[in-house]
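Each remark here refers to the structure printed beneath this line.
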Amino acid sequence: MNDKLIIAGHEFNSRFILGSGKYSLELIKAAVENAGAEIITLALRRANSDSDNILDYIPKGVTLLPNTSGARNAEEAVRIARLSREVGCGDFVKIEVIHDSKYLLPDNYETIKATEILAKEGFIVMPYMYPDLNAARDLVNAGAATIMPLGAPIGSNKGICTKDFIKILIEEIDLPIIVDAGIGKPSQACEAMEMGAAAVMANTAIATAGDIPAMAEAFKKAIEAGRTAYLSGMGRVIEKASASSPLTGFLQD
Amino acid sequence: MENKRIDHMTYLPDMENIGSEIQDKVIKARNDYTPDKYTAADVTEALKADVLTPYDFGALLSPAAGNFLEEMAKRAMAETRKHFGNSINMFTPLYIANYCENYCIYCGFNCHNKINRAKLNEEEIEQEMKAIADTGLEEVLILTGESRKMSDVEYIGMACRLASKYFKVVGLEVYPMNTDEYRYLHECGADYVTVFQETYNSDKYETLHLEGHKRVFPYRLNAQERAIRGGMRGVGFAALLGLDDFRRDAFATGMHAYLIQKKYPHADIAFSCPRLRPIINNDKINPKDVHEPQLLQVICAYRIFMPFASITISTRECQRFRDNIIKIAATKISAGVDVGIGGHTEDGSHKGDEQFEISDGRNVEQVYKAIKEQGLQPVMSEYIYV
């Protein structure tokens, strides 16, 4: 089956974007391999260290998706993205603009501004956002390559709390919708894929698992299952019993 | 003598007054807090809550919660891993001067304590920084005694500029200053400011801080807010536990951080959890009031109340406590610590005496290894100055 994830013309076989934060550096390689991930996110601020640089632990051949975490406004996100390109992290960038230290919710307005600037500079911009249809449309117009709505606050492992709103984005936005943040279990990743998400990004759920490589593999399988189910056309679910005498029974012929 | 002392609630000329809305709320919260009224049921409710209210936080600091230490530690650990994963940040403090104009009766640096005073010059600071950077550390916390005369803002700024050459992250623990001075130091490369309020009981504060600008209680209490307004990314809070009722002071510390975070949601929040330590020439000062279980309770309460806050564990505590608390709640640990002036360079001799006695003298390599052995990831920096 030729089912590729295409982001700005780049093709990927895997629909699992793995985060590299919050766990021991030595485990990154095994996690990537077990996840079958072809894209790995990393906080550029973690790649700004001279000792134990996270970049040294990421297997070759995996596409780097540096994020701008630490940016509190568009201007800072732009500066971090440019720095990321300078240090050789490539053209992909995940925009994270957060100025809320408690819930780490993204600022859609600043994210749109940063997306517009960076897309013009040739970056492949993947904005992390709160699932708001109007903001998503603005991101498309600003030149985003994908839209990455959150399922729940970062690190919360609460699942897809914003399910109905992500569904709207999937229906209305023509770019790949990648569910990012909040997914805590493989079953939730599967659910996102069944809904028609193009990919799932997860970090904390894997990083806080007892066996990190094994959990990476579990996510991989769940994402594949969800994708296959989506492509197969989901079976009909009857929510309520139907009335026994049809309302249209009065019609003749 | 008593009459000559300045009023501890009145700002001195040159001290910027940004208003007292947060201060008033913190003081009120502290005054209203009655640790003894909480019951075991309050504690279990607090531990069940998804996001804790100030009332819940009060429950976790109460004597009733003393019987729930294991449950608190479990919840704290889950929150720490959820928000920080396995990362433990490493840093070291660098004392560049110990001149002090304050008379704080519990502190080794106080202006009447006969100790060797010293101040490092630019060249000496650079040597110290080089020596620290050679150990692999990428975060430094610059400290001075509180003397504007001997360690003026330009002097601290010089140290910040040097520090940005050798380190990724530069923090400050110096005397409180005005917003424009914080802005200047931010431009020199500093991004984090920690100010210990010592105690949030202003009456008690007055009896402990007899002379110097530190005597002015409200100016100190509002330092974090001025630092944020001056552009600093993060601010740190602490009460010196044991000076007054530690439960009330810990509660006030948490409320202070909580209110600052509400008003400035982008600010990074950090806690330190110092207990009194013995100092040179004063045998009466010792940390007998706050024992390890109480300290653990306070640290876990901070973690559960503000799960996203950075918590630093000091070398005032012993190796055993530190190695265990990083598994549970602390996310930042110092290593290779020297609290004297000029002790990092080769001969290790001090130009000026230490502020207090440390309990964990391990070097960077040893602490790094200890973190690894807990299955955690030592992180030298995860920060970009923007």
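Proteins come first, then strands; the chains are lettered A, B, ... in the order of their sequence lines, and each starts at number 1.
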Are the charged groups of [X] and [Y] less than 4.0 angstrom apart, N to O?
X	Y	result
B:E225	B:R229	yes
A:K113	A:E110	yes
B:E187	B:R183	no

Which heavy-atom pair separates [X] from [Y] by the least distance, and what is that distance?
X	Y	result
B:Y368	B:M90	N-CE, 3.8 Å
A:A114	A:I95	CB-CG2, 4.1 Å
A:L150	A:P153	CD1-N, 4.3 Å

Checklist entry - For B:A309, is it the side chain, the backbone, both or neither that has a heavy atom under 4.5 Å from a heavy atom of chain A? => result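 The answer is neither part of B:A309.
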Between [options], who has the most heavy-atom pairs with chain A when the cutoff is under 4.5 Å?
options	answer
B:M380, B:E138, B:R81, B:H266	B:E138
B:D50, B:D268, B:V169	B:D50
B:I269, B:L376, B:V379	B:V379
B:Q261, B:K262, B:K372	B:Q261

Checklist entry - Given the options A:S69, A:A71, A:A207, A:G70, which has more heavy-atom pairs under 4.5 Å with chain B than any of the others? => result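 Among A:S69, A:A71, A:A207, A:G70, the one with the most close pairs to chain B is A:G70.
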Next on the checklist: Using heavy-atom distances under 4.5 Å, tell me whether A:I154 contacts chain B through its side chain, its backbone, both, or neither.
Outcome noted: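 No part of A:I154 comes within 4.5 Å of chain B.
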